[in-house]
Amino acid sequence: MSIVELDGVSKIYHVGDTPLYALNNMSFSVDEGEFSAIMGASGSGKTTTMNMIGLLDKPSHGVCRFLQEDVMTLTPDELAYYRNQYIGFVFQSFLLLPKLTVLQNVSLPLMYRQVSAKEAEQRSRNILDQVGMSEHMQHHPYELSGGQQQRVAIARALVGRPKLILADEPTGALDSMTGQVVMDLLRKMHREQNVTILVITHDRSVAQYCDRIIQVRDGRVVDDKENVRQTAGA
Ligand code: ADP
Ligand code: MG
């Protein structure tokens, strides 16, 4: 079943009197269970695509469906509900809250739901264990390395059991060794957590971790194929 479908989607910005096509007739769909990359150079439309899929933006033309629902037909409340319930976001700059501990950062998404404090803590401890951060639960983000912060951010994205993780340049702020560790962790979470993962990146070596690479340029798909992964270290 498809989780996301873009069908002839364009996004037009008006800069002065010239229309700028951030997305220009973009079409692809992602099925539940995929671990895929959207890859393209800077300015190719990746962030615009992610905002569309993440229900933060709507098409100027074309149809964007999330879980088979046309996003144009969803109310702002429904969009917020879908985002909260079904999508976990991971960003280049981690975006952890500095005054909260690791455990509190991860619990936070559950606080916006009808989850009891006790269950929230239980689930947060459990997912922090899965990402290898159980020894740092009482630490604050500034006490952690970049790679550790991204582990926490991945735990925070997963704690609500979303259907989809959107990871925008998840390794962009990390050195390449740490970036590999984070991509390995995303693969492990994909295997173990029954979640669809879309990685958005400009970096081919990051996209290589994924099973499918959707390549975009000038706001459209220019290549879309299965990625036969090299073995580790190759
Ligand atoms: P990427 O994330 O791949 O770098 P973006 O999706 O951010 O690309 O941008 C695609 C194109 O749309 C770029 O040419 C960018 O300058 C333009 N763009 C993005 N957002 C806006 C905006 N709010 N107003 C005007 N132009 C924009
Ligand atoms: Mg971008």
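What you are looking at is a predicted structure, and each value in this text was computed from that prediction instead of being measured. Atoms within each ligand, like the ligands themselves, are counted from 1 in listed order.
Looking at Gln215 and Met39, their side chains come closer than 4.5 Å, going by heavy atoms from C-beta outward. With a 4.5 Å cut-off on side-chain heavy atoms, Val4 and Ser29 do not count as touching. Between Val102 and Glu143, every side-chain heavy-atom pair lies at or beyond the 4.5 Å cut-off. Residues Arg83 and Leu56 form a side-chain contact, since some pair of their non-hydrogen atoms from C-beta on lies under 4.5 Å apart.
When hydrogens are left out, the protein atom nearest atom 26 (N) of ligand 1 is Tyr13 CD1, 3.6 Å; that is the closest non-hydrogen contact. Among all non-hydrogen protein atoms, the one lying nearest atom 7 (O) of ligand 1 is Thr47 CB, 3.7 Å. Considering only non-hydrogen protein atoms, atom 12 (O) of ligand 1 sits nearest to Ala22 CB, 3.2 Å. Residue, atom and distance of the protein heavy atom nearest to atom 8 (O) of ligand 1 are Gly45 N, 3.1 Å. Protein heavy atom at the shortest distance from atom 11 (C) of ligand 1 is Gly43 O, 3.7 Å.
Among Ile200, Leu20, Thr48, Ile38, the residue whose heavy atom lies nearest to atom 6 (O) of ligand 1 is Thr48.
Here Thr48 does not reach the Mg ion (ligand 2): none of its N/O/S atoms is less than 2.8 Å from the metal.
A heavy-atom separation below 4.0 Å is found between Ser44 and ligand 1. Assignment of Ala41 to the shell around ligand 1 is supported, since a heavy atom sits closer than 4.0 Å.
Salt-bridge check for Lys225 with Asp223: passed, with a basic side-chain N closer than 4.0 Å to an acidic carboxylate O. A salt bridge links Arg125 with Glu121: the distance from a Lys NZ or Arg NE/NH1/NH2 to an Asp or Glu carboxylate oxygen falls below 4.0 Å.
Applying the 4.0 Å criterion to heavy atoms of Lys46 picks out, from ligand 1, the atoms 1 (P), 2 (O), 3 (O), 4 (O), 6 (O), 8 (O).
Counted within 6.0 Å of CD on Glu192, heavy atoms from surrounding residues, nucleotides or ligands total more than 12; the atom is thus considered enclosed.
Classified by interplanar angle (parallel below 30°, tilted 30° to 60°, perpendicular above 60°), the ring pair Tyr86/Tyr82 is perpendicular.
Under the 4.0 angstrom criterion, atom 16 (O) of ligand 1 counts as lacking any protein heavy-atom contact.
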